[in-house]
Amino acid sequence: MGLKRKNNGDAEEEENDKMKKPNNNNEENARKTVLPSTIKNKEKRSAVYAKLKQQKKIEKRKQTKARDAAEKQAIELGQEPPPRQVPKTIENTREFDETVCKPDDEELFAGNDADEFSSILKQGFTPKILLTTSRFNSTRGPAFISDLLAVIPNSQYYKRGTYDLKKIVEYGRKKDFTSIIVVHTNRREPDGLMIIGLPDGPTAHFKLSNLVLRKDIKNHGNPTGHKPELVLNNFTTRLGHRVGRLIQSLFAQDPEFRGRRVVTFHNQRDFIFFRHHRYIFEAKETKDEDPKSKKSKSEPDAMSIQQKVKTRLQECGPKFTLKLTSLQHGTFDTKSGEYEWVHKPEMDTSRRRFFL
Amino acid sequence: MPRTTTLECPGCPPLRALTFDVLGLIKVIEARDEDNGAPKVVERWGEPDSSKCVLAASFLDREVDPLLAVARTSGMIEVLSPINGDVRVSIRVNDQTDTKPSDDVIVGLHMFKRPRLESVSRLCSLLTCTTRGQVSITNTEVPQKHPNNSSDQTPTTWNVSGSGNVLCAKVDGSENYASFGGKGVEINLWDLQNSRKIFSSKSVTKSSIGIFTPPWFTSATFLSHDDHRKIVAGTNNHQVHLYDISAQRKPVMTFNFRETAIKAVSEDPDGHTIFIGNGSGDLASVDTRTGKLLGCFLGKCSGSIRSIARHPEVPVIASCGLDSYVRLWDVESRQLLSAVFLKQHLNCVVFDSYFDEKVAVNGAQVLPHPEDILEMSDSDEPEVVPVKRKKAAKAESGSKKSKSKRKEKKLKGESDSD
C-alpha cells in the first residue's frame with residue numbers, strides 16, 4: 001500500500017511539474033481568462049462580466065471598422081472588395097433533406113399531374129369552398145370566419161349545427177364543393193384549421209396561432225371583391241409541395257390584377273404565415289435636390305423631374321400563423337384514416353430539421 | 001457552429017429489394033458491402049403514369065427464372081422479369097364489361113410457385129382477388145420474348161364474399177389455401193384445389209357496454225409457412241386477431257395496438273413473431289404465443305405503413321408506405337438500418353433473396369442482351385435459358401451461403417453487444 005501511494009505521489013508530482021512549466025509561461029494569460037461564471041461573488045462576477053462584454057463590443061467595432069476600411073480601399077484601387085460574410089441562420093444551416101424537390105424532377109411533375117388537385121388547378125374554374133366551424137363558436141370565431149370569407153373567393157359559410165363532419169364531407173361532395181375549411185375554436189379563440197380537399201383529396205390539420213383580425217390591424221384596408229393573387233413561399237420538400245398545392249387549390253387560378261390584392265402564405269421554419277395585402281404602384285414625380293443636379297437646373301425642367309415608381313403596401317384582412325400537425329390521406333376519417341405525415345415527438349431531434 | 005444530428009445508419013447486409021409506387025414505377029434498391037451497406041436505387045422501370053398505379057405485387061423468389069407479377073389500376077396484370085424489368089406477359093383479368101375497373105380493383109395477387117397444370121411447361125398461375133370478392137386463378141404461358149396479351153386458359157373464378165369489400169387476400173406457404181377478409185367480410189379460408197370454403201370466422205361478441213363492431217379486416221397473413229391453420233388478421237379497429245381454425249371460429253387471441261387502423265401484418269419465419277404496421281406509421285413486433293409486444297421500431301416514420309416484407313434469410317425487414325420511404329430494420333435489435341427516399345407513395349415492397357453482390361456487380365456488364373439469351377435458349381437445353389446472374393453464382397453458392405451466415409452471426413453479435 002505504502003509503496004503504491006508513494007508511486008502515486010511521484011506520478012502526481014511529475015504531472016504537476018509538467019503542468020507548471022506551461023503555466024509559468026502563460027500565467028498572466030491564465031489569470032486573464034478566468035471565466036466569470038466561476039466567480040462566486042455576484043458583484044465581482046457581474047463586474048467582470050460587464051468588463052468582458054465591453055471588451056468584446058470594442059473589438060467588434062474595431063473589426064467592422066477594419067473591414068469597412070479594407071472594402072473602401074479595395075474599391076478605390078479598383079479591386080474586387082473582399083467578400084462579405086454571410087451570417088449563419090437556422091434556415092441556411094438547415095440539415096440536409098433528401099425530400100427537397102429538385103427543379104428537374106420528372107417524377108415530381110408526373111406526381112403533380114396525378115394528384116388530387118390537378119383537376120382543379122388545371123381547369124382553371126373558381127374553386128368552391130365550404131366554410132364551417134366546430135360545434136361551439138362564438139366571439140372571435142365568427143369574426144374570423146367573416147374575414148376568411150372576404151379573403152377566399154367563392155366561399156360559403158354553413159352553420160355547423162350538430163352535423164358530423166363526415167356527413168358534411170358527403171354533402172360537399174354532392175354539391176360540387178372543392179374544399180371544406182373547418183375552423184376549430186377553443187375557449188372562444190380560434191386555434192385550429194382543417195382543410196379537406198374534395199372529393200378525395202387529403203385532409204390537413206393545422207394549429208392556428210397569433211390571430212389578428214382585420215379590425216384589430218391599424219390602418220387596415222378593406223379588400224375588394226376581386227380574385228386575389230397568391231404567393232406561396234418556401235414550400236420546398238415533397239410534403240411542402242403537397243401542402244402548397246392544397247392551399248393553392250383554395251384560390252382561383254386566374255387572379256384579377258386590377259384588384260391589386262395579394263394573399264401570402266410564407267413558410268419559415270415550418271410555420272406558415274398568412275398575410276393579406278393591397279398594393280399600389282405610385283408614380284411619384286420627384287425633383288432632384290442633390291447638389292449634383294445643379295447642373296441639370298440649367299437644362300430644361302422636364303429632365304429634372306424624375307419618374308419614380310414606388311410600391312406601397314396596405315395590410316388588410318386577418319393575419320395568422322399555421323403549423324401543420326398532420327396530413328391525412330383521403331377525407332376526414334379519424335378511425336380508419338391513413339396519415340401521409342404526422343408530427344411525432346421523436347422527430348424533434350434537431351432545431352435545424354424542417355419538414356415543409 | 002450549428003449542432004446537426006446526422007442520421008446514424010449502421011448500414012444493412014447486402015440485399016436487393018423491389019418497390020412499387022402509385023405512379024406505376026418499379027424501383028430496385030440494392031445494398032452492397034462496398035458502400036458500407038447504404039442502399040441505393042439502382043434501377044427504375046416504367047414511366048410515371050398514374051393510371052398504372054401498382055395495387056399489388058407478387059414475387060416468385062427462386063434461383064432460376066424468377067418472376068414478378070404486378071397488378072395495376074387499369075386492371076392489367078403484368079408479369080415481369082425481376083432481373084431487367086422486361087414485361088413478359090400482360091393479362092387483363094377483369095373481363096366483366098359491366099363493372100368499371102375503378103370500381104372493382106385488384107386487392108390481392110399471388111403467383112404460384114408451381115403451375116396449377118403440370119401438363120404445360122413454362123406456365124405461370126396467378127391468383128387475383130378484387131374488392132367485390134371475385135377470385136380467379138389464371139394460367140398463362142410466359143414466353144421468353146415478345147410479350148403477348150393472351151390468356152389461353154379460361155380462368156377458374158368464384159366469389160368469396162356476398163357483400164362488403166374484400167381488402168386482403170393471402171395464399172399460404174403450401175399454396176393450397178387462401179384467406180380473404182375485408183370490410184364487412186369475415187376472415188374466410190378457401191381450399192384452392194376445389195374452390196371450397198373451409199373456414200369462416202365468427203365476429204367478436206359485443207363489448208361490455210354493448211357495442212358491436214362489424215368486421216373490417218385490413219390485412220391478414222398466415223402465421224407460419226407450412227401451417228395453414230393459424231391466421232393473423234389486423235382490423236380497422238386497431239386490433240390484431242389470431243385465428244386457429246382447428247380450435248374455434250372466434251379469435252383465440254386478440255390484442256390492441258395503438259390508436260389507428262392496422263394496415264399491414266407480416267409474419268416471421270420463426271413461426272410466432274409477427275410485425276404489424278398501422279395507419280400513423282408505427283411498426284412493432286409481437287410474439288403471438290404470449291400476445292406481448294416485443295417492441296416498436298422507432299425511426300421517425302411518419303406515414304402510414306402499406307407493406308412489410310421480411311427477408312427470408314437475413315434478419316431484416318423492409319417497410320414502406322405513404323411517407324415515400326423504404327426503411328430497412330434489423331429484426332432483433334429493432335433498429336433502423338437505413339432509409340431510402342423514393343419520392344412517391346409506395347404500395348408494396350418485396351425482397352429478392354437470391355441476390356449475390358459480386359455477380360450482380362459484374363452482371364451489370366456481363367448480362368447478355370435479351371436477344372442473346374434467346375439465341376442461347378434456342379441452342380442450349382431449356383433449363384439454362386432463363387440464365388442470369390445466378391449462373392456464375394452456382395459454383396460458389398456454398399461460399400456465398402457461409403458468407404451470409406457469417407454476416408448473420410456478425411449481426412447477432414452486434415445486437416448481443418447492444
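Letters A, B, ... mirror the listed sequences (proteins, then strands); counts begin at 1.
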- [ ] Locate the shortest heavy-atom distance separating B/L23 from A/G111; write the atom from each residue and the value.
- [x]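 Reported closest heavy-atom pair: CD1-N, 3.7 Å.
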- [ ] Please report the shortest heavy-atom distance between A/E346 and B/G299, naming the atom on each side.
- [x] OE2-N, 3.8 Å
Task: Residue part contacting chain B, namely of A/D113, when any heavy atom lies under 4.5 Å - done: neither
Counting only heavy atoms closer than 4.5 Å, note whether [X] contacts chain A via side chain, backbone, both or neither.
| X | value |
| --- | --- |
| B/H238 | neither |
| B/K343 | both |
| B/N237 | side chain |

TODO: Heavy-atom pairs under 4.5 Å with chain B are the metric here; pick the option from A/A114, A/C101, A/S336 that has the most.
DONE: A/S336
Task: Neighbourhood of chain B inside residues 161-175 of chain A, taking heavy atoms under 4.5 Å as contact - done: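 Listed by number, there are no contacting residues, so the answer is none.
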Task: Any donor-acceptor N/O pair, A/K344 side chain to B/C301 backbone, under 3.5 Å - done: yes
Task: Between CD on residue A/E107 and CD on residue B/E47, distance to nearest 0.5 Å - done: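 Spacing of CD (A/E107) from CD (B/E47) equals 9.5 Å.
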TODO: State the NE2-CZ distance between A/H329 and B/R306, to the nearest 0.5 angstrom.
DONE: 5.5 Å
TODO: Evaluate whether atom OH of A/Y49 has more than 12 neighbouring non-hydrogen atoms of other residues, nucleotides or ligands under 6.0 angstrom away.
DONE: no
Open item on the list: Under the rule for ring-ring contact (aromatic ring centres under 6.0 Å, His included), what residues qualify as partners of B/F297, not counting sequence neighbours?
Closed with: B/W329
TODO: Would you sort out whether B/S324 and A/R238 count as a side-chain contact (heavy atoms from CB on, under 4.5 Å), showing the intermediate values?
DONE: CA-CA 10 Å; B/S324 339; A/R238 280 309 268 247; 6.0 Å; no
